[in-house]
A.B. asks: 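Sharing a structure with you now.
Predicted, not measured: the structure shown is a model, and the values here were computed from it.
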Amino acid sequence: MFPWGRYWGGGGTQGRLMGAVPVSQCGGLFVAAVLSRGDRLPSLTGFRFLLAGVVLAGHVLTLGRFYEDQDIYEAADVSAMASAAAVSSFFLLSGFVLAWNASPADTAIRFWRRRVVKIFPNHLVTWTLMLGLLMATGTLASLPVPDPGWGEAVRNLLLVHAWIPDMADFSSVNPVTWSISCEAFFYFLFPLLIRPVRAVPARLIWPVIALVAGLVVAMPAVATAVTDEADPGSWSPLSTERWWLIYFCPPVRLLEFVLGLVLARAVQLGRWPALRPRWPLLALTGVFAARQELPEEYVWGAATCLPVAALIPAIATRDIQGRGSLLGRRGPVLLGEASFALYMVHFPVLYAIRAMLDRRTFDTVTATALAVAVSVLCVAVSLLLWRGVEVPMMRRFARPGGRSVPSARPAPDGQAAPLRQQDPAP
């Protein structure tokens, strides 16, 4: 029977915790570096804003349709691949941070409570806003939002819509929420997954990483083998079934989340190599440069997953070692804290603006200025949503009895204070 109490095991008898790993299990220099900094990884919080910004930029370009020069949209292939890479990064990052923060004193019920309070208020606000826009304006032909029936709307509200291989469901209401549907599945399984991940010994951590990474890379080939090709003349090079299985299917995307878990375990054990972020970034650049040579099935996350999987621990170890980065400055960290709100609210804002403009397009200079203004507006609205909804709800309901989170202590050199790392939701 599953232990629904202290589900991470180990209790409090093994000494002070570093992330989820007792100090006694880790190397001395590594542990000293971690304990001197606390367990917050501010650069990963700033990284979240960068990822949300990539998704925002891609959607403003390809869905905003502000440019009258259609040649601009030749960049759509690259922006779609970048957005897919950002979502894949969110899944990896979610697993990494949750594993890093896992506490033996936590319970499954408390964990699920925090996750519901974190994601559902923002989801409810943006679901209501988007549904109201759809009812007021009708479905815009220029944006990929099917006209939802009540069944699709309710499944979207309950975050189960990504399980259905039909665009009427996985793109319903606020289309970006398919990834939150996946995250809800990951959160449900996390109390079951963290125990075996924590049980992986140091000598096996790299074989486990290789196994999970291999499964991620193999899934497009599996999807190709078990699904049909797109119909001739279809708007997409992939059939809906194949696209869903590669990109939207929660059990398939779970592999990236699990990879994030085991990568965090490798860092906690001191088994991650001294890798500078420039090398994963260089590899990621090479993947984008080879975009035209890649099978379409690999564009939706599999091709970029491995470089990003190396980048996240590389960024984290800089914080652990006290070196930090520009992403760990107060500005990026603040925007990173609001990145979930940005991810959730940017599509309703973009939809409302596109509805007001009807089918109007603009010259390149005007369209670029408009795209920048819309992006800034989305960030401003996301800060309001974060500060007005997400923060008060987390303070009031995330913990039993409504206990508030301690305030940050001042930190030197413009870095964020060493509080506990907040796990992301894309």
A.B. asks: Distance from Ser179 atom OG to Arg253 atom CZ, nearest 0.5 Å?
C.D. replies: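 Between Ser179 OG and Arg253 CZ, I get 9.0 Å after rounding to 0.5 Å.
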
A.B. asks: Is there side-chain contact between Asn156 and Trp178, with heavy atoms separated by less than 4.5 Å?
C.D. replies: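 No. Closest side-chain heavy atoms not under 4.5 Å.
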
A.B. asks: Between Trp127 (side chain only) and Ala153 (backbone N and O only), is there a donor and an acceptor less than 3.5 Å apart?
C.D. replies: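 Present.
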
A.B. asks: Report the relative orientation of the aromatic rings in Trp272 and Trp206; use parallel for angles under 30°, tilted for 30 to 60°, perpendicular for over 60°.
C.D. replies: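 The arrangement is parallel - the two ring planes meet at less than 30°.
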
A.B. asks: Hey, are the side chains of Glu337 and Phe49 touching, using non-hydrogen atoms and a 4.5 Å cut-off?
C.D. replies: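 No. Closest side-chain heavy atoms not under 4.5 Å.
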
A.B. asks: Does any N or O in the side chain of Ser88 come within less than 3.5 Å of the main-chain N or O of Ala84, such that one atom is a donor and the other an acceptor?
C.D. replies: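 Looks like no, no N/O pair under 3.5 Å.
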
A.B. asks: Is it true that a side-chain atom of Arg113 and a backbone atom of Phe397 form a donor plus acceptor pair closer than 3.5 Å?
C.D. replies: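 Yes: the side chain of Arg113 pairs with the backbone of Phe397.
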
A.B. asks: Run the numbers on Phe248 and Trp163 for side-chain contact (heavy atoms from CB on, under 4.5 Å), then give the verdict.
C.D. replies: CA-CA 8 Å; Phe248 299 95; Trp163 290 85; over 6 Å; no

A.B. asks: Would you say Met344 and Val125 make side-chain contact, with heavy atoms under 4.5 Å?
C.D. replies: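 Counting from C-beta outward, Met344 and Val125 never come under 4.5 Å.
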
A.B. asks: Side-chain contact, heavy-atom cut-off 4.5 Å: Thr107 with Phe111?
C.D. replies: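 No - every pair of side-chain heavy atoms lies 4.5 Å or more apart.
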
A.B. asks: Using side-chain heavy atoms (C-beta onward) and a distance below 4.5 Å, is Thr364 in contact with Tyr67?
C.D. replies: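 Side chain of Thr364 against side chain of Tyr67, heavy atoms only: contact under 4.5 Å found.
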
A.B. asks: How long is the gap from CG on Leu50 to CG on Leu326, to the nearest 0.5 Å?
C.D. replies: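 Atom-to-atom, Leu50:CG and Leu326:CG are 11.5 Å apart.
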
A.B. asks: Enter the distance from Leu281:CG to Leu311:CG here, rounded to the nearest 0.5 Å.
C.D. replies: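 Output value for this atom pair is 5.0 Å.
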
A.B. asks: Quick check: does any side chain N or O of Asp319 sit under 3.5 Å from a backbone N or O of Ser43, one acting as donor and the other as acceptor?
C.D. replies: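 Between the backbone of Ser43 and the side chain of Asp319 there is a qualifying donor-acceptor contact (under 3.5 Å).
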
A.B. asks: Please report the C-alpha distance between Phe96 and Leu41 in whole Å, then the side-chain angles of each, then the deciding distance to 0.1 Å, and finally whether the side-chain contact (heavy atoms from CB on, under 4.5 Å) criterion is met.
C.D. replies: CA-CA 11 Å; Phe96 187 97; Leu41 305 173; 3.9 Å; yes

A.B. asks: If you look at every heavy atom in Ala162 and Phe170, which pair is closest and at what distance?
C.D. replies: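 So the minimum-distance heavy-atom pair works out to CA-CB, 4.3 Å.
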
A.B. asks: Is it true that a side-chain atom of Ser382 and a backbone atom of Val379 form a donor plus acceptor pair closer than 3.5 Å?
C.D. replies: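 Yes, the answer is positive, given that a donor and an acceptor are paired below the 3.5 Å cut-off.
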
A.B. asks: Answer yes or no: are there more than 12 heavy-atom neighbours, outside Glu293 itself, under 6.0 Å from its atom CD?
C.D. replies: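 Atom CD in Glu293 is not crowded, with 12 or fewer foreign heavy atoms closer than 6.0 Å.
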
A.B. asks: Checking Thr317 side chain against Ala314 main chain: does a donor-acceptor pair fall under 3.5 Å?
C.D. replies: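 Yes, the answer is positive, given that a donor and an acceptor are paired below the 3.5 Å cut-off.
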
A.B. asks: Would you mind checking if Arg291 and Glu296 are paired as a salt bridge, meaning a charged N to carboxylate O distance below 4.0 Å?
C.D. replies: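 Salt bridge: yes.
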
A.B. asks: Check whether any side-chain heavy atom of Ile119 lies under 4.5 Å from a side-chain heavy atom of Leu159, and answer yes or no.
C.D. replies: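 Yes, close enough: below the 4.5 Å cut-off.
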
A.B. asks: Decide, yes or no, whether a salt bridge links Asp169 with Arg155 under the criterion of side-chain N to carboxylate O below 4.0 Å.
C.D. replies: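 Judged by the 4.0 Å cut-off on N to carboxylate O distance, Asp169 and Arg155 do form a salt bridge.
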
A.B. asks: Hey, does Ile72 have a side-chain heavy atom less than 4.5 Å from the side chain of Leu61?
C.D. replies: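 Yes, side chains in contact.
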
A.B. asks: Is it true that a side-chain atom of His346 and a backbone atom of Tyr343 form a donor plus acceptor pair closer than 3.5 Å?
C.D. replies: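 Yes; at least one donor-acceptor contact below 3.5 Å.
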
A.B. asks: Any side-chain heavy atom of Phe257 sitting closer than 4.5 Å to one from Phe185?
C.D. replies: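 No, every pair of side-chain atoms sits at 4.5 Å or beyond.
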
A.B. asks: Regarding Glu183 and Arg115, does a basic nitrogen lie under 4.0 Å from an acidic carboxylate oxygen?
C.D. replies: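 No, Glu183 and Arg115 are not salt-bridged.
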
A.B. asks: Between Leu157 and Leu124, is the side-chain contact (heavy atoms from CB on, under 4.5 Å) condition met? List the steps.
C.D. replies: CA-CA 7 Å; Leu157 177 64; Leu124 180 60; 3.9 Å; yes

A.B. asks: With side-chain contact (heavy atoms from CB on, under 4.5 Å) as the criterion, how do Val54 and Ser89 come out once you've worked through the C-alpha distance, each side chain's angles and the decisive distance to 0.1 Å?
C.D. replies: CA-CA 11 Å; Val54 169; Ser89 302; over 6 Å; no

A.B. asks: Could Arg65 and Tyr73 be counted as a cation-pi pair, given that NZ or CZ must be under 6.0 Å from the ring centre and within 45° of the axis?
C.D. replies: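 Checked: cation-pi criterion met.
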
A.B. asks: Quick check: closest heavy atoms across Leu129 and Pro348, and the distance to 0.1 Å?
C.D. replies: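 For Leu129 and Pro348, the tightest heavy-atom pair comes out as CD2-CB, 3.7 Å.
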
A.B. asks: Check whether the side chains of His161 and Thr177 place a donor and an acceptor atom closer than 3.5 Å, and report yes or no.
C.D. replies: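 Indeed, the side chains of His161 and Thr177 share at least one donor-acceptor pair under 3.5 Å.
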
A.B. asks: Which value, rounded to the nearest 0.5 Å, describes the distance between Ser94 atom OG and Arg48 atom CZ?
C.D. replies: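 With rounding to 0.5 Å, OG (Ser94) is 9.5 Å from CZ (Arg48).
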
A.B. asks: Would you say the side-chain atoms of Thr227 and Glu241 include a donor-acceptor pair closer than 3.5 Å?
C.D. replies: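 Glu241 and Thr227 do not have a side-chain donor-acceptor pair below 3.5 Å.
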
A.B. asks: Under 3.5 Å, side chain of Ser239 to main-chain N/O of Ala230, donor-acceptor pair present?
C.D. replies: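 Checked: no pair found.
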
A.B. asks: Between Thr240 and Pro165, what is the shortest heavy-atom contact and its length?
C.D. replies: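 Heavy atoms only, the tightest pair is CG2-O, 4.0 Å.
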
A.B. asks: Which distance, rounded to the nearest 0.5 Å, do you find between the CZ of Arg198 and the CG of Leu269?
C.D. replies: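 Spacing of CZ (Arg198) from CG (Leu269) equals 10.0 Å.
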
A.B. asks: How about Tyr187 and Trp112: are their ring centres within less than 6.0 Å of each other?
C.D. replies: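 That pair fails the under 6.0 Å test.
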
A.B. asks: Name the one of Thr62, Val60, Val55 that satisfies side chain to side chain contact (heavy atoms under 4.5 Å, CB included) with Ser79?
C.D. replies: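 One option only clears the test, and that one is Thr62.
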
A.B. asks: Between Arg323 and Arg318 (side chain of the first, backbone of the second, donor and acceptor by atom type, cut-off under 3.5 Å), is there such a pair?
C.D. replies: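 Not confirmed, Arg323 side chain does not pair with Arg318 backbone.
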
A.B. asks: Can you name the closest pair of heavy atoms from Val252 and Ile246 and give their distance?
C.D. replies: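 Closest heavy-atom pair between Val252 and Ile246: CG1-O, 4.1 Å.
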
A.B. asks: Nearest heavy-atom pair of Val333 and Pro42: which atoms, and what distance?
C.D. replies: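 In terms of heavy atoms, the two residues are closest at CG2-O, 3.5 Å.
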
A.B. asks: Please report the shortest heavy-atom distance between Pro121 and Val389, naming the atom on each side.
C.D. replies: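 Taking every non-hydrogen atom into account, CB-CG1, 3.7 Å.
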
A.B. asks: Roughly how far, to the nearest 0.5 Å, is the CG atom of Leu56 from the SG atom of Cys378?
C.D. replies: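 Between Cys378 SG and Leu56 CG, I get 5.0 Å after rounding to 0.5 Å.
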
A.B. asks: Would you call the rings of Phe347 and Tyr351 parallel, tilted or perpendicular, taking 30° and 60° as the class edges?
C.D. replies: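 Plane angle between 30° and 60°, so tilted.
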
A.B. asks: Do any N or O atoms from the side chain of Arg114 and from the backbone of Ala398 form a donor-acceptor pair under 3.5 angstrom?
C.D. replies: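 Absent.
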
